[in-house]
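For reference, the structure discussed in these notes is given below.
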Amino acid sequence: MSGPLDRSFFARDPVVVAPELLGCIVTANGVSVRLTEVEAYREDDPASHSFRGPTKRTAVMFGPAGFLYVYFTYGMHYCANLVCGEDGAGAAVLLRAGEVVEGEALARARRGERVPDRDLARGPARLAQAMGWDRSDDGRDMVGAVRAGAPTASVAGPRTGIMKAADTAWRFAIPGDRFVSPYKRHPKAPGAG
DNA sequence: TCTAAGATGACCT
DNA sequence: GGTCATCTTAGAC
């Protein structure tokens, strides 16, 4: 299968959408990446920004599916999500890693000349930077910018970089792909020590 | 108004 | 494999 995904694809449970996004091609600002790793977030998930209900920042997450939710974290990084679920569900899929398949020169210009190919979009903040995304892209309609790629296998695993619900297996990756980010548990997560 | 925590990445050893 | 940089957001008072 191939061709752009329509809004109904995203308007489902993010836990269902996430694994199906693996291998899909996302295009924005002159760069295309093939998704290798994603993570599902829902309103009933303590680790989700939408857990406490809508706020000014998370307003996009509570809107219709297929839009881009970009937020700023750790004082220096952007992360990008695709809003999923029904309108008002407060659900999204975090784009964690991917392989740049188009516009590599542009991605490298944004990321730095000395960055190796495999690190161009391996990581949520790296991917957002390679795509040229920042908060001005928050709320952007991504329907038409995501197209299905070759079907791929997926593996679910524990989530990284967060404390709450760190063992919820809502992180999906393409097994064995070199563009998947390394597993790294949050330093303060229970069981980390 | 103040405080604590955070869906991370770069660099050094 | 470990340490540090850096600032926004949200919640408490």
Does B:dT8 have its OP1 or OP2 closer than 4.0 Å to a side-chain nitrogen or oxygen of A:Arg122? no

Determine, answering yes or no, if A:Tyr74 is stacked on B:dG6 under the 5.5 Å centre rule and the 30° plane rule. yes

Taken to the nearest whole Å, CZ/A:Phe51 to C1'/C:dA10 is 15 Å

A:Ser48 has its side chain closest, among B:dA7, B:dA10, C:dC7, to B:dA7

A:Tyr71 OH to C:dT6 C1', in whole Å, measures 16 Å

Discussion item. With a cut-off of less than 4.0 Å, is there a side-chain N or O of A:His49 near OP1 or OP2 of C:dT9?
Written reply: no

message: With a 4.0 Å cutoff (strictly under), does any side-chain N or O of A:Arg57 reach OP1 or OP2 of C:dA10?
response: yes

Rounded to the nearest 0.5 angstrom, the CZ-CG distance for A:Phe67 and A:Asp137 is 13.5 Å

Rounded to whole Å, NE2 of A:His77 lies from P of B:dC11 at a distance of 11 Å

So, is A:Arg111 close to the B:dA10 phosphate, meaning a side-chain N or O under 4.0 Å from OP1 or OP2? yes

pair_partner(C:dC4), Watson-Crick or wobble, both distances < 3.5 Å, evaluates to B:dG9

_So A:Val26 and A:Met142, do their side chains get closer than 4.5 Å, heavy atoms only?_
yes

Note to self: Using the six-membered base ring of B:dA7, report whether A:Tyr41 stacks on it, requiring centroids under 5.5 Å and planes under 30° apart.
What the structure shows: yes

Between the protein and nucleotides 11-13 of chain C, which nitrogen or oxygen pairs are less than 3.5 angstrom apart?
none

CA sep, side-chain torsions, deciding dist, call: A:Thr36, A:Arg122, side chain to side chain donor-acceptor pair (under 3.5 Å): CA-CA 9 Å; A:Thr36 58; A:Arg122 192 177 61 142; over 6 Å; no

Exercise for the section: Report yes if some heavy atom in the side chain of A:Arg147 is under 4.5 Å from a heavy atom in the side chain of A:Leu5; otherwise report no. Expected result: no

A:Met76 atom CE is separated from B:dG6 atom P, nearest whole Å, by 15 Å

message: Count I, L, V, M, F, W, Y as connected when their side-chain heavy atoms are under 4.5 Å apart, and connections chain through other members. Are A:Val143 and A:Val93 then in the same cluster?
response: yes

ask   = In the single-linkage hydrophobic clustering (I, L, V, M, F, W, Y; side-chain heavy atoms under 4.5 Å), do A:Phe179 and A:Trp133 co-cluster?
value = no

- Test log, rule side chain to side chain donor-acceptor pair (under 3.5 Å), inputs A:Ser181 and A:Glu37: CA-CA 8 Å; A:Ser181 63; A:Glu37 186 180 348; 2.7 Å; yes

Which of B:dG9, B:dT8, C:dT8 is nearest the side chain of A:Phe72? It is C:dT8

With the side chain defined as heavy atoms from C-beta on, A:Thr73 is closest, among B:dG6, C:dT9, B:dG9, to B:dG6

Counting the atoms with a prime plus P, OP1 and OP2 as sugar-phosphate, which does A:Ala47 contact under 4.0 Å by heavy atoms, base, sugar-phosphate, or nothing?
base

A:Gln129 atom CD is separated from B:dA10 atom P, nearest whole Å, by 7 Å

Winner on side-chain proximity to A:Arg135, out of B:dT8, C:dT9, B:dA7, is C:dT9

Taken to the nearest whole Å, CZ/A:Arg126 to C1'/B:dA7 is 15 Å

